[in-house]
Amino acid sequence: MPKTIYHVYVIELSKKVFTENRKFREANPQFNGVLECLYVGMTSKTPKERFEQHKTGYVNKKGYKLSANIVQKYGLYLRGSLFQHIDPVITRKEALIIEENLALELRRQGYAVWFN
């Protein structure tokens, strides 16, 4: 059986998320409104498949909702230029570390970012 590989991805969110979502606003006090609002995630699917799951409110066979509400409501499209340089990894732990590091780096650059 082939090993699972994990991808880190970035989705651009509507700027409405900043005005309408208190938790998002509180997580991004540095945001000045110039750059975009983003969601950073990781997945064992392709980024495109995962984006579709978010937008459709995907629920798995066990009944768990796997989509993030913030992406379902505010997600616009994948921002490939912000993640295509990142190679897939073979452990979930590695992917989570890369996800967090990318999210924090994007915040430092001036983006408003949500990640889990």
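In this chain, numbering begins with 1 at the start of the sequence shown. What you see is a predicted model; the values in this text were computed from it and never measured.
- From L106, atom CG reaches atom CD of E36 across 10.5 Å, with rounding to the nearest 0.5 Å.
- Atom CG of L104 has more than 12 neighbouring heavy atoms from other residues, nucleotides or ligands inside a 6.0 Å radius.
- For the residue pair E20 and Y74, a side-chain donor N or O sits within less than 3.5 Å of a side-chain acceptor on the partner.
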* Could you give me the CA-CA distance, side-chain angles and deciding distance for L13 and L38, then say whether side-chain contact (heavy atoms from CB on, under 4.5 Å) is met? => CA-CA 5 Å; L13 304 173; L38 305 172; 5.7 Å; no
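- Taking all atoms of both residues into account, the shortest heavy-atom contact from T4 to S44 is CG2-CB, 3.6 Å.
- In this structure, K45 and Q53 have side chains that are in contact, with non-hydrogen atoms separated by less than 4.5 Å.
- Considering every non-hydrogen atom in both F51 and L76, the closest pair reads CZ-O, 3.6 Å.
- Taken to the nearest 0.5 Å, the CD1 atom of I86 stands 4.5 Å off from the CG atom of L102.
- Side-chain contact check for Q109 and E105: at least one donor-acceptor pair (N or O, by modelled atom type) lies under 3.5 Å.
- Ion pairing between a basic and an acidic side chain is recognised when a charged N comes within 4.0 Å of a carboxylate O; R22 and E26 show such pairing.
- In this structure, the side chain of N28 does not engage the main chain of F31 through any donor-acceptor pair within 3.5 Å.
- Y58 and L78 end up in different hydrophobic clusters when Ile, Leu, Val, Met, Phe, Trp and Tyr side chains are linked at under 4.5 Å.
- Side-chain contact, Q72 with K65: a donor N or O sits under 3.5 Å from an acceptor N or O.
- Looking only at distances, no side-chain donor or acceptor of R50 sits under 3.5 Å from a matching main-chain atom of T43.
- A distance of 8.5 Å separates OG1 in T91 from CG in L96, rounded to the nearest 0.5 Å.
- P88 approaches I5 most closely through the heavy-atom pair CB-CD1, 4.1 Å.
- From E12, atom CD reaches atom CG of L35 across 10.0 Å, with rounding to the nearest 0.5 Å.
- Side-chain N or O atoms of E100 include none that pairs as donor or acceptor with a backbone N or O of A95 at under 3.5 Å.
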* Test side-chain contact (heavy atoms from CB on, under 4.5 Å) applied to F24 and C37, step by step -> CA-CA 9 Å; F24 187 89; C37 297; 3.8 Å; yes
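- Remark: the backbone N or O of T19 is paired with a side-chain donor or acceptor of R25 at under 3.5 angstrom.
- In this structure, K55 contributes its side chain and G75 its backbone to a donor-acceptor pair below 3.5 Å.
- At least one side-chain heavy atom of Y39 sits under 4.5 Å from a side-chain heavy atom of I70.
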* To do: Determine, step by step, whether V59 and L66 satisfy the side-chain contact (heavy atoms from CB on, under 4.5 Å) criterion, reporting the C-alpha distance in whole Å, the side-chain angles of both residues, the deciding distance to 0.1 Å, and the verdict.
  => CA-CA 6 Å; V59 176; L66 297 184; over 6 Å; no
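- The nearest pair of heavy atoms linking M42 to Y6 is SD-CD2, 3.9 Å.
- Using cut-offs of 30° and 60° for the angle between ring planes, the Y9 and H54 rings count as tilted.
- Note that the NE2 atom of H7 and the OG1 atom of T46 stand 7.0 Å from one another [nearest 0.5 Å].
- Taking OH from Y111 and CD from Q30, the interatomic distance works out to 12.5 Å, rounded to the nearest 0.5 Å.
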